[in-house]
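Encoded as structure tokens, the structure appears first; notes follow it.
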Amino acid sequence: MKNYDFKATEAKWQKRWEDEGVFHAEDGSSKPKFYGLVEFPYPSGAGMHVGHIKAYSGLEVISRKRRMQGYNVLFPIGFDAFGLPTENYAIKTGMHPRKVTDMNIKHFSDQLHSVGFSFDWTRVIDTTDEDYYKWTQWIFLKMFENGLVFRDKALVNYCPHCKVVLSNEDSQGGHCDICHSEVVQKAKDVWYLRITEYADKLLEGLETVDYLPNIKLQQVNWIGKSTGAFVNFKVKGSDDEELRIYTTRPDTLYGVTFMVMAPEHPMIDKYADRISNMDAITAYRKECAKKTEFERTQLVKEKTGVRIEGLSGINPVDGKEIPIYVADYVMMGYGTGAIMAVPAHDQRDYDFAKEFGIDIIEVIKGGDISKEAYTGDGEMVNSGVLNGINNKKDSIAKMIEYLEEKGCGEAGVQYKMKDWAFNRQRYWGEPIPIVHCPTCGMVAVPYEELPLRLPVVEQFEPGSDGESPLAKIDSFVNCKCPKCGGDARRETDTMPQWAGSSWYYLRYMDPHNNEALAARDKLEYWGQVDWYNGGMEHVTRHMIYSRFWHRFLYDIGVVPTKEPYAKRTAQGLILGPDGDKMSKSKGNVIDPMDVVNEYGADVLRTYVLFMGDYEKAAPWSESSVKGCKRFLDRTWGLQEILVPGDEYSPELEVAINKTIKKVTEDIEGMKFNTAIAALMTLINDIYDNGKLNNAELKAFVTLLYPFAPHITEEIWEAQGFSGMLANGNWVDFDADKCVDATIEIVAQVNGKIRAKLNIAADAASDEVLALAKADEKVAAEISGKTIVKELYVPGRLVNIVVK
RNA sequence: GCCGGUGUGAUGGAAUUGGCAGACGUGCCAGACUCAAAAUCUGGUGGUGGCGACACCGUACCGGUUCGAUCCCGGUCACCGGCACCA
């Protein structure tokens, strides 16, 4: 038998699958549909990472199996190609981003093909294609039309290195997601998408989908809903104005001894001329503005602030006058930017009160407020109408009722999630299709004019004043107002990278449609993505954004489902051989193409799924890769011990049925490592048996096919089996033949193993117990003692308890 | 600080309605083939004691429930991830 030439064979089958179109999904087929989605890559110049291989191999195996099980499978791929790395590369080399992108996409496509992924390449999409981003702009305009887009001057996250405004999601941990520089707060005019309006819908939607529990939880935490109340405090010294605060504990209102405003609070500016110590306050505010986000969070323990002389609050429930401070432990971006402080029952307020010598009044019994704030439950005291109530829930409800009656407050909710800062001062993104008209204000570009194309420019550097490169292109900027026809200017900022990826899964359903983002019948046929796999890093960003866009599209009648993804899973990282996260600087990066060249795509695919629990991080191991190579070589070698026979032989029948059951179930549960282990066990059994027949080889090769499709197709063809495995059928198992006729069970005395017994699988309890007691070892252990209890766990063990 | 997760041989990891701990792979040891090496094949491989059949111990640590705990409960420690002065 000839040796297996993986290079030639893998190329051969990749070409044949492509030529015969075996992975093309069929719109409207009567077969059951399965839509498996993987996160499309950003086509970087560096080429694919082993992480991509692992991320795609999971659903790749599931898709190949489902096709064999008679499903109409949509397993598409595309490229999320707008973004900063490409633009920065263009700036460095002087190449146009369009050219860079085309080059990188070609490179990625070649690499993806060489791994043998069964994508439907007739549906490939590119977010930078104008036929694609036309619809990204279209959705933006629909949001604009529906009041979900607004412009506001606000403090935003700004990356001084990338010279770009970032959303909250893009600056997690206070660092720029692209260059990891420290993010600073800067006042700027910003386009926002009103995602907070969808906060409740996003929370509700989570109850209808099948995401891994930690994924759901992370989203819930990110949205960060809290319930409480808004309370209005009259301000003495103002023009009869009220200071509005948000609290989750309105029941502690009688314990308020001061109030705090964020340094940026507008009321300070409004009454600047009446505040006698305005100089001190101005100095404090300056100091706060200098602190980076990082410093503000690191200095948690130290509380700083300045009392506002000239303004004081009036507690609405007891009329007491209380001081107001400005302090940076209160943020302008959450709630109303002002709080009521209850030092007895909030540790931050407690620390501040200690620092500034403010009264601490206990209103909930149960703690020791001479030491620290008490945040637990207990009986209400010193609290007027609430006195005597002894649980949080009732006291809060009672207080809200009281506030609403008196007209000085009401129940309210708050979210940690903020509106989505949506514009970027960069070239390589979708132009925002808005025109600024001196008379009409912000005007939408008419739908007929989409796509609003990116103009061809020579310079991609952002302006030093933080302006987009597009601002320098007069022919782009100057235009007529679509409403009044007068001279107007185009918006020159572009959309963030997350725009194109917020709806791409819809485009796969109908990628070449020029009339709509996708035809209604196709949206209805494919429905929800049945299974979406990707990285945990996208859970509080891409996943939130796209669920928001999808739900909006549902609300305006464009898509038939509320939620885009029925099921979501996530793969674990592949770490470097040293156990650290792979990074260029550490020099521990594995290039998947090196593995393909040295061992073949089948080995790479099998290894990334065999290396450990799919959902957990695992280090790369070169010698384990060789182990997978050995396994596939042994598979090829099965042909040498092949004998005729079209039914499973008695020697292997049970082993094969068991393996079919295990592999079939494990693949669906993403337990790829144990599925492959079961196949390794089976091949060991086969070699121990010394031979296998055609039926057995067919079963083995079919089970292995989703993992290692090239070598299995080659064996199938070499043995003259009919058709292609890619078009073949999955194998079924016979449940009756998954159990051995005789089994080995354990005999315990007092829970300790004393013997092993061979019994018939269907032996009765009495029989087995009698057999156990007859055993020499067991008999020795129980002789002369009283039997307290006897039990038989069918198929597992017997246990005799003696005294 | 809050939320979540994890902890098993030399090593990646198996095993869950509570029932033989360590499947499968790697590494290592021994043997076969070879002038030799690589590759391949065969056997062994949790620890301690014993020539030995065997005994005892063992799933981060302490305790509990149970005939029986890697699994359930209470507490402790370590590591990983997310959020973080969120009122």
Side-chain angles (χ1 to χ4, degrees), chain A residues 172-174 213-222 224-226 228 245-250 252 259-260 262 293 296-303 327-331 333-342 345-349 351-352 414-418 536-537 539-540 572-573 575 579 606-607 610-613 615-628 630-631 633-634 637 671 673-684 687 744-753 755-756 777 787-803:
Chain A
Q172 297 183 24
N214 55 329
I215 294 178
K216 272 192 194 183
L217 199 76
Q218 254 190 51
Q219 293 206 351
V220 168
N221 289 344
W222 184 258
K225 182 174 182 168
S226 77
I245 61 96
Y246 175 74
T247 177
T248 54
R249 296 298 304 269
T252 60
M259 300 182 80
V260 184
E293 189 89 348
R296 253 173 112 152
T297 51
Q298 285 311 296
L299 301 169
V300 172
K301 284 148 260 155
E302 288 173 40
K303 291 281 180 292
D328 67 354
Y329 82 92
V330 173
M331 308 289 146
Y334 184 78
T336 62
I339 60 158
M340 64 178 214
V342 186
H345 306 290
D346 180 292
Q347 193 58 43
R348 293 153 302 172
D349 298 345
D351 295 341
F352 191 89
Q414 280 293 305
Y415 304 94
K416 287 189 199 174
M417 186 171 71
K418 306 219 171 85
M536 282 308 289
E537 70 275 18
V539 164
T540 53
L573 285 181
L575 306 172
T606 307
Y607 174 65
F610 181 63
M611 63 193 300
D613 184 334
E615 287 166 24
K616 288 198 197 117
W620 186 270
S621 157
E622 179 75 19
S623 48
S624 284
V625 175
K626 285 185 189 151
C628 290
R630 238 169 252 163
F631 168 57
D633 287 345
R634 278 157 66 81
K671 297 171 102 183
N673 53 339
T674 50
I676 294 166
L679 287 166
M680 288 173 169
T681 307
L682 178 57
I683 208 171
N684 290 341
Y687 275 108
E744 192 187 64
I745 64 158
V746 171
Q748 298 181 334
V749 178
N750 286 349
K752 289 208 166 189
I753 297 158
K756 295 191 176 181
K777 290 262 169 49
I787 294 176
V788 182
K789 194 171 179 182
E790 301 176 335
L791 30 88
Y792 172 53
V793 182
R796 303 260 184 209
L797 53 69
V798 291
N799 189 13
I800 299 167
V801 186
V802 294
K803 250 202 303 212

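Chain letters run A, B, ... following the sequence lines, proteins first, then strands; residues in each count from 1.
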Using Watson-Crick and G-U wobble pairs with both distances under 3.5 Å, what is the 5'-to-3' dot-bracket string of RNA chain B, with [ ] for crossing pairs and | for pairs outside the strand?
(((((((..(((......[....)))((((((.......))))))((((....))))..(((((..]....))))))))))))....
When rounded to the nearest Å, what value does the distance between [atom1] atoms of [N] and [M] take?
N	M	atom1	result
B/G13	B/A21	P	23 Å
B/G64	B/G50	C1'	36 Å
B/C77	B/C29	C1'	36 Å
B/A38	B/A32	C1'	16 Å
B/U6	B/G12	C1'	15 Å
B/G46	B/G25	P	15 Å
B/G27	B/C35	P	26 Å
B/U59	B/G9	P	9 Å

Contact class for [X] (heavy atom, under 4.0 Å): base, sugar-phosphate, or nothing?
X	result
A/Ser621	nothing
A/Leu217	sugar-phosphate
A/Ala617	sugar-phosphate
A/Lys756	base
A/Lys216	nothing

All ring pair (Phe, Tyr, Trp, His ring centres under 6.0 Å) counterparts of A/Tyr334, not counting sequence neighbours:
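So A/Tyr334 forms no ring pair (Phe, Tyr, Trp, His ring centres under 6.0 Å) with any residue.
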Which residue lies toward the 5' end of RNA chain B, A/Ile745 or A/Asn221, if each is placed at its nearest nucleotide?
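The answer here is A/Asn221.
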Which label fits B/G9, syn or anti, where anti is any glycosidic angle not within 90° of 0?
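Glycosidic conformation of B/G9: syn.
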Hey, is CZ on A/Arg634 packed in by over 12 heavy atoms from elsewhere, all under 6.0 Å?
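Yes, the 6.0 Å shell around CZ holds more than 12 heavy atoms from other groups.
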Side-chain donor-acceptor pair present, A/Gln347, A/Asp351, cut-off under 3.5 Å:
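Per modelled atom types, A/Gln347 and A/Asp351 side chains form a pair under 3.5 Å.
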Nucleotide N/O of nucleotides 39-45 of chain B paired with protein N/O under 3.5 Å:
from, atom 1, to, atom 2, distance (Å)
B/U40, OP1, A/Arg630, NE, 3.1
B/C41, OP1, A/Arg634, NH1, 3.2

List the residues meeting salt bridge (Lys or Arg N to Asp or Glu O under 4.0 Å) with A/Asp349, not counting sequence neighbours, and say none if there are none.
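Scan of A/Asp349 (salt bridge (Lys or Arg N to Asp or Glu O under 4.0 Å), adjacent residues dropped) gives none.
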Can you list the residues that meet the salt bridge (Lys or Arg N to Asp or Glu O under 4.0 Å) rule with A/Lys225, with sequence neighbours excluded?
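Counting only residues at least two positions away or on another chain, A/Lys225 forms a salt bridge (Lys or Arg N to Asp or Glu O under 4.0 Å) with A/Asp200.
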Within the pair A/Tyr246 and B/A87, is there a side-chain N or O less than 4.0 Å away from OP1 or OP2?
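So the side-chain polar atoms of A/Tyr246 never come under 4.0 Å of the phosphate oxygens OP1 or OP2 of B/A87.
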Does A/Asn684 put a side-chain nitrogen or oxygen below 4.0 Å from OP1 or OP2 of B/G25?
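So the side-chain polar atoms of A/Asn684 do come within 4.0 Å of the phosphate oxygens OP1 or OP2 of B/G25, strictly under.
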Short N/O separations, protein against nucleotides 62-67 of chain B, under 3.5 angstrom:
from, atom 1, to, atom 2, distance (Å)
B/C67, O2, A/Asn799, ND2, 2.2

Can you check whether A/Gly751's main-chain N or O pairs, donor with acceptor, with A/Asn799's side chain at less than 3.5 Å?
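Here the side-chain-to-backbone pair exists.
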